[in-house]
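Quick note on labels: first sequence line is chain A, next is B, and so on, each numbered from 1.
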Amino acid sequence: MYQEIILDHYKNPHGRGLREPYDAESFQVNPTCGDEVTLRLKVTDGKVADVSYEGQGCSISQASTSVLTDLVTGHTVGEALSTMDAFVELMQGRGTVEPDEDVLEDGVAFAGVAKYPARVKCALLGWMAFKDALARTSNEVEA
Amino acid sequence: MYQEIILDHYKNPHGRGLREPYDAESFQVNPTCGDEVTLRLKVTDGKVADVSYEGQGCSISQASTSVLTDLVTGHTVGEALSTMDAFVELMQGRGTVEPDEDVLEDGVAFAGVAKYPARVKCALLGWMAFKDALARTSNEVEA
Amino acid sequence: MTTTTANTTPLDVAAVRADFPILSRTVRDGKPLVYLDSGATSQRPLPVLDAERRFLETSNAAVHRGAHQLAEEATDAYEGARAKIADFVGATPGELVFTKNATEAINLVAYAMSNAATAGDDAKRFVVGPGDEIVVTEMEHHANLVPWQQLCQRTGAVLRWFPVTAEGRLDLSGIDELITERTKVVAFAHQSNVLGTVNPVGTLVRKAREVGALVLLDACQSVPHFAVNFRELDVDFAVFSGHKMLAPSGIGVLYGRRELLEAMPPFLTGGSMIELVRMEGSTFAPPPQKFEAGVPMTSQAVGLGAAVDYLNAIGMDRVAAHEHRLAERALNGLKEIPGVRIIGPPDTVDRGATVAFVVDGVHPHDAGQVLDSLGIAVRVGHHCAWPLHRSCGIPATVRATFYLYNELSEVDELVNGVREAQRFFGVA
Amino acid sequence: MTTTTANTTPLDVAAVRADFPILSRTVRDGKPLVYLDSGATSQRPLPVLDAERRFLETSNAAVHRGAHQLAEEATDAYEGARAKIADFVGATPGELVFTKNATEAINLVAYAMSNAATAGDDAKRFVVGPGDEIVVTEMEHHANLVPWQQLCQRTGAVLRWFPVTAEGRLDLSGIDELITERTKVVAFAHQSNVLGTVNPVGTLVRKAREVGALVLLDACQSVPHFAVNFRELDVDFAVFSGHKMLAPSGIGVLYGRRELLEAMPPFLTGGSMIELVRMEGSTFAPPPQKFEAGVPMTSQAVGLGAAVDYLNAIGMDRVAAHEHRLAERALNGLKEIPGVRIIGPPDTVDRGATVAFVVDGVHPHDAGQVLDSLGIAVRVGHHCAWPLHRSCGIPATVRATFYLYNELSEVDELVNGVREAQRFFGVA
Ligand SMILES: Cc1ncc(COP(=O)(O)O)c(C=O)c1O
Ligand SMILES: Cc1ncc(COP(=O)(O)O)c(C=O)c1O
């Protein structure tokens, strides 16, 4: 399950650190292991302008948040949401979902994680923070 | 377990009915079946002068209370207590205790009941009321 | 309740019985066991025993807590059982909380409601206090009565109840005076564990909805016996116990509508039900985890899942049809005996296979003893429904309860046994 | 805690392992299972599995409710188990209440105390409110923390706690400021489920007695592992769980001194725990029945009784001595690895076979995953002791817990596995 790509993102995370300005912030924690992430989101003109984050956690949670920033930054909110859906589907598929590399890019490396249910929560931690942050901004975005 | 003696006492209970005067009254109930007995006790000069009772219940509980009145009335409190101990021992003996007919008289008929734990409570209902009533009078008796 | 037998081939009772090892034992000096006490607890078929054992011999681990393979397998087995059981009663897995028995499930709701007083704004809708009322019925099992008495004692709310008619039905004539704007909860049995009466859920739910009261359905005696769908019944909460439906003891179920479980404060607290814990205070996981504190009844959930599979394979309509036949035969057989009085509806309309009765001149304990000496296991006493017995003016009854593994011939043995008891006590 | 090995022949671990079917399975592509997660839940030996099954195939019935032969046999089995288990921990049967797990047992006491406010004069001594304090420790399992937080929330009492030293011992320096006339309850773990620390029961009990506070001992991690006698420890309440001591899940125990259980108000209410029930109100049975509402965990109690027999046959001193050897080897082996830090006392003085640690540069989840891939089942996370982890400044640990069926060679596999994880993540 520990693909090179995962270990690379773990050792050299992309976009790490909390930055200003941001529209919404979300703090998420994995209650079984105590891993946590704080994620900030800046949306400009319907596009994800910046995702910044801090956190402590295992290789899977750190790497997947790093991949997240690559996948959503610069994309429209709609695109980011459908990427998220694809990633969530992959992770909850128990290894039966064939990932689409065009959509998930480095995210396909997590296909193996889906076979370890206890680690799926790790892989989704950052994404849940992203989803929550998005929900907190959505009123403004839609307005 | 249904000895003739038990059925006789059941059909023709001795000493039934609530009488005056009395020193103490006890109400006991079997919480699993709802059987109940109200028993009154009159102690005079350290002797059980009268035991009177009312109640509703199965053949075993009614007959054993009838036997109780025979066994304790006219006896000293000390004698009554040791008779009670013998009856309780018999009932809790699971059929292993050899009853002493000199002490328990008709009470020996309940030896078979001891093999049916659920019925032991029935057989002891009146005796528990007697014990409780005695406890309520004991201060006076000892004084 | 489906009692039509038209489209269902009858149950092969002999085949069913072969799955229950205990049914082939003898009691009291070699008498074949006639088990008519399934209303108290049912027996377990081999597939249930085997499922639990297989789990324990291969995948046992603490669920939701470990990252190793056994923990994964155990969690899958536990959550898989939840999904299956939820489906069986028309619920989603998130609406299904495992408890140790139905009694705990009712207490859970009653305590959550008193906890609501100090649990913040989200919990406000659950707060009860002076001026509020809880409505139950006089035919409730103690499990659906005493927890509400205690809730009232803790909060100052008032308990009210529907009386029961001479025929053993709910007396709904005072419904408009009983269920009012003051009513916070209406809690009642789907099927009485003494009378066999199946209560009019729809009528009570409609009235409760009118006044904004919550409805809790005690489904202990319905879910094991006929197809029940909580969503369709539109109740807010429902409870049942595994041990009455071929499953292990030590597991019960609380069903709650999702939005209610989300807003309701927790009851038992500790491990596995938390979100964040600090010495200064804690927050809680979403349902159902919020209500499952500590290491749960893992293998028992697996066993209950297997019981649901077993019942599904037979078909609940078939189970109900078979019990209908048993009830009919029992009612008819007992009614023919002079001096026997059925406590509960005299026919099988809206009525399950629970038959309670008294025998003039023979105390229930004595009748039960004679039956026991013949190998027939019935229950005697008030069956945890003491107020119901009081309202009928009797201290106790004999109760025979039937299940899918009972033969029609066992009904006949019961009827003959009752006659034998009468002879023994010289009343026939 | 007896850790002297002098008079005891060592445990025949191979013979013990043969009793545990699950231990011979493989995981992750054929790796033999190395089960080091008994602190979460233990595995079950054949005599326990068989005892439960035999009960279900021959004597299963509702206990304390029926008058037929099965009900008698079931009641005997259930109460026989209670007597055996009581004896195992130095209690009388009337002092032993069956719950679904230790978590429920702690909640029972905490809820009984808030119920005391409306339960009349007998219950007065249990009332807590503003101005009163509950004292716990920072090393508690959530099960012995959150229920007390909630009791405080319900009643206005204040929660206070002992801190933990850098070595993982209770810091008792503030004992006179912490346990005072305001203290109503002192609740603490006998043995920490993370640190392995065995706490000084005597010191805490003496201080609690001085101020008239009640003592609750969380014995979840002690009763399974060494001989414990609650009477001798002189605690007021104690709790433990069956599933951590070779017994079924779904059963736990509350021990309470008889006079306390007699005076304490009930918690869960319903069938079997009553004395008299009327619609207007109810009275309750004597303990332990008063605290056992509903159909209980019958076969599970039988299983716990069988587990006690199994442990007695081996001898708890022998179990403790074996675990001592395992702990020593694990501590020594892990201490030798650069970058590994033990969380808890570094030696085996007053310390059980629970070894938690962190590996520099390897997150516990990742370490656990590598171990799992080698067939070694450990637990990673905060182990339901989040505040303890916070106080140590770490989010999580890897925890290996040992039991009578673990071989010394399995300790070596753990140590090698940790080195492997370091290699994999490039930190060694
Ligand atoms: C020290 C301690 N206390 C309490 C508990 C809770 O036990 P259970 O989950 O069986 O209720 C545990 C185990 O999880 C424990 O280790
Ligand atoms: C109608 C009804 N409600 C509640 C209960 C309580 O179930 P349990 O004892 O399994 O909690 C029972 C059975 O005893 C019952 O028949």
* **Which atom of A:G34 lies closest to which atom of D:P395, heavy atoms considered** => O-CB, 4.2 Å
* Asked: What closest approach, in Å, do D:G361 and A:Y10 show between heavy atoms, and which atom pair accounts for it?
  ->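 The pair with the smallest heavy-atom distance is O-OH, 4.1 Å.
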For [X], does the [atom1] atom sit with more than 12 other heavy atoms under 6.0 Å from it, leaving out its own atoms?
X: A:K42; atom1: NZ; value: yes
X: A:E54; atom1: CD; value: yes
X: A:E98; atom1: CD; value: no
X: A:K47; atom1: NZ; value: no

* With distance as the sole test, does D:D366 use its side chain to make a donor-acceptor pair with the main-chain N or O of A:C58 at under 3.5 Å? ->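 No; judged by distance alone, with no hydrogens or angles, the pair does not exist.
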* To do: Would you confirm whether D:H382, through its side chain, and A:P31, through its main-chain N or O, come within 3.5 Å as a donor-acceptor pair?
  => yes
* Asked: About how many Å separate NE2 of D:H365 and SG of A:C122, when rounded to the nearest 0.5 Å?
  -> 4.5 Å
* Structure fact -> Value for OG (A:S59) from CD (D:Q369), rounded to nearest 0.5 Å, stands at 8.0 Å
* **No-hydrogen, no-angle side-chain donor-acceptor test under 3.5 Å, D:D372 and A:Y116** =>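 Result is no, nothing qualifies.
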* When D:R390, D:H383, D:R379, D:R28 are compared by non-hydrogen pairs under 4.5 Å with chain A, the top option -> D:R28
* **Most contacts with chain D, counted as non-hydrogen pairs under 4.5 angstrom, among A:N30, A:D35, A:I60** => A:D35
